[in-house]
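Below: one structure, written as structure tokens.
Start at 1 with the first residue, then count along the sequence. Predicted, not measured: the structure shown is a model, and the values here were computed from it. For ligands, and for the atoms within them, numbers begin at 1 and follow the listed sequence.
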Amino acid sequence: MVLNPVISKLAGKLVVLASASPRRLEILRSAGLRFEVVPSWFKETLDKGLFKAPYEYAVETAKQKALEVARRMPFKHLKTPDIVIGADTIVTVDGMILEKPVDKHDAYRMLSSLSGKEHSVFTGVAIVLCHEKENEEVDYQLIDFYEETKVKFADLSEDMLWEYINSGEPMDKAGGYGIQALGGMLVEYVHGDFLNVVGFPLNHFCKQLDLIYNFCTSSLKSTSSRSDSLATSVPTQPPSSSQALLSHNSSSIPRPSSPCDSQRLHTQITPTASPAHKVKREDSESESSQTLVNSTSKHTDNRKVKLHDNATLPLVTRRGQVVEPTRGDLERICELMDGFKASKALFTASKLCLFDLLHSRPGLDAAQVAQEIKASAKGTECLLEACVSLGLLKSTEKACQKPVYENADLATDFLRSDASFSLHGYLQHCNETMWPLFSHLESAVQEGTSQREKAFSKHMLQATSTSSREGKLRFMKAMHNIAKITGKTIATAFDLSTYKSACDLGGCTGALAYEFTEAHPGLSVTVFDLPAVVELNEFFRPQHPDNRVSFVAGDFLKDELPKADLYILARILHDLPDEKVHILLSKIADACTAGCGLLLSEIFLDEDRRGPSRGLLQALSMSEGKQRSATEYSLLLKSHGFITAHIRHTDNLLDAMLCIKA
Ligand SMILES: Cc1cn([C@@H]2O[C@H](COP(=O)(O)OP(=O)(O)OP(=O)(O)O)[C@@H](O)[C@H]2O)c(=O)[nH]c1=O
């Protein structure tokens, strides 16, 4: 079979790999497939007792992983994929299913049960085909299969076992070994597909694609008619696990008797509610039927530019055809044009402490607010009304009385200076530093360099730069805010129970470090930052200090790093030029022994670099660093000897990745 034409059937489609496994990524990438990685959030906790055979468990888990991503993407990523691929690899021996070990003892238990014996490795794979219907509901068609490979281990001595376990390699791998790396030394023979053991049965996958696209193309193309016809014959709920067990063994893949073999192609008519917002996909043929929207806000209702319902929309020409722009088109374009006004209104209200005032004294009218914030009556009234329209304030009007104002939930939660998740300091940083920089964006783009000199006078440069105490404190406050908001998400993203000591490099006020000690009772964290930062730390003492957090002053590019078995790099790499990135990563690699961890937290760009805008807009500041995707970070860290174990795309402001020193 010529493989490439099969893979090329997917060209131009939005293919998503619902897996954090770097091995799956590598296997599919090497096969020439272009795809995005969106790791699944499905927890692998299905009751194994419910399955008659172990492969049924792997197939069902793969299916749930893929479906979770297929269902999440239209809402969280604002785009509907064409195909989602999920997989699950398990090792079975003596009737037991072995997944990834939870700690070294678990790895020992697994590896000693494999010693001197033949075992089976099953990878279950699910391919979910997503079809968007005209009413924006999504139909899912499911194809699943599994592959079995038999592997025989040599007799393993205790020394060998422990040496292998201490290499750190077993921890993120089913059965506690990696056949593609050191684990290969434990293996006497392999019967079947080697890549299936590594995590993805590429050959079987290509055969399935061949079946889907060469036999079912016509019905897959005419999505709605196929869905409609099947809607009468399949249940409207996802099939139960027993229905999902229609998958077949790989040893013989019978050609389907009808164009689409129903044994293999499960169709689920599972309409999802329309996503609140969708974005236009450039490659979409049917873009005119897609609604354009505000992709940034959950609280759009009172923020949208209102157009009269019966307003006549102008006609525009699109690819030679006269079309009526949708109301969504106009809303989106107005929102983009006015975005800078909204930002500045927010910064101004924050700087004038409007949200603090209305928190302590809700129900003031515009004149009272003007008096308190020492601003003009007219200006204050405009600012208050603008904030109401942006969903930051609420106004109430009693008969014949002036409107009075109070904070909306968004302001109470994030804009008060003393809120737990306050962004007050970060907004100040945006106002004082980012705003002047972005007002020189045109020359930044033309020259490709930061516009700091142009944006700030000499005097201002001193005040804003980290050289003045005021500038440093403001920057620290901004970083403190982000660390407080993202800290818990990052600290709990991975199982870190094997680590006892961590070092947060550039850990600033220690806000992130405290989240780590709170989440991991056995962990102590050293915050390592510049002497001037450590000195100003007293301004940020937490309410409940923890003596498992300590501070060490130093420069991570020059000085010796504190010893730790987990290094944390949060929001550091994106800002450093390449040469400094390599100096820092080399220093961390030197400080690490095999099995040590490196936890990286940044905004991860989508693999096709089409989002998220937060990361792409940040890059426009033209700092010396760059924004990267999870794969780019993974490869960067790999070049310093760190193997990516887990990637987490979070709903928070930062994503995270856990890498292990090989
Ligand atoms: C036997 C064996 C397994 N693996 C890896 O074991 C993980 C299994 O776990 P999973 O639950 O199927 O996947 P995951 O890593 O948790 O990722 P996800 O798909 O997001 O659940 C996958 O990584 C595989 O490569 C190897 O790398 N080499 C081997 O020889």
Residue selection (non-hydrogen contact nearest atom 27 (O) of ligand 1) among Glu44, Glu26, Gln180 =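 Comparing heavy atoms across Glu44, Glu26, Gln180, the nearest one to atom 27 (O) of ligand 1 lies in Gln180.
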key: Nearest neighbour of atom 7 (C) of ligand 1 from the list Thr89, Leu17, Asp172, on a heavy-atom basis   =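 Considering heavy atoms of Thr89, Leu17, Asp172, the nearest to atom 7 (C) of ligand 1 sits in Asp172.
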Check this for me, if you would: do [X] and [Y] make a salt bridge, where the nitrogen-to-carboxylate-oxygen distance has to be below 4.0 angstrom?
X	Y	value
Glu44	Lys65	yes
Lys207	Asp210	no
Asp88	Lys63	no
Glu26	Arg24	no
Glu36	Lys79	yes
Arg72	Glu68	yes
Asp155	Lys117	no
Lys152	Glu188	yes

Given that the side chain starts at C-beta and the backbone is N, CA, C, O, which of these parts of [X] lies under 4.0 Å from ligand 1, counting heavy atoms, or is it both or neither?
X	answer
Lys173	both
Phe200	neither
Lys65	side chain
Glu99	neither

Closest protein heavy atom to [atom], given as residue, atom name and distance to 0.1 Å:
atom	answer
atom 25 (O) of ligand 1	Val198 O, 2.6 Å
atom 15 (O) of ligand 1	Ser21 CB, 3.6 Å
atom 16 (O) of ligand 1	Lys100 NZ, 2.2 Å
atom 3 (C) of ligand 1	Val197 O, 3.5 Å
atom 5 (C) of ligand 1	Arg23 NH2, 3.7 Å

Do any N/O atoms on [X] end up under 3.5 angstrom from N/O atoms on ligand 1?
X	answer
Ala20	yes
Ala174	yes
Ser40	no

message = Under a 4.0 angstrom heavy-atom cut-off, which atoms of ligand 1 come close to Gly178?
response =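 Result: 28 (N), 29 (C), 30 (O).
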request  = Taking only heavy atoms of Ile179 into account, list the atoms of ligand 1 that are under 4.0 Å away from them.
outcome  =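 Near Ile179, the atoms of ligand 1 are 28 (N), 29 (C), 30 (O).
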message = Ring centres under 6.0 Å, that's the criterion: do Tyr177 and His119 meet it?
response =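 Yes.
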request  = Compare all side-chain heavy atoms of His646 with those of Lys100 and state whether any distance is below 4.5 angstrom.
outcome  =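 When only atoms from C-beta onward are counted, Lys100 and His646 do touch, with a gap below 4.5 Å.
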ask   = Can you name the closest pair of heavy atoms from Phe122 and Tyr146 and give their distance?
value =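 Scanning both residues completely, I find the closest heavy atoms to be CD2-CD1, 3.8 Å.
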task = Could you tell me whether ligand 1 has any atom less than 4.0 Å away from a heavy atom of Arg24?
result =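 The answer is yes: ligand 1 sits under 4.0 Å from a heavy atom of Arg24.
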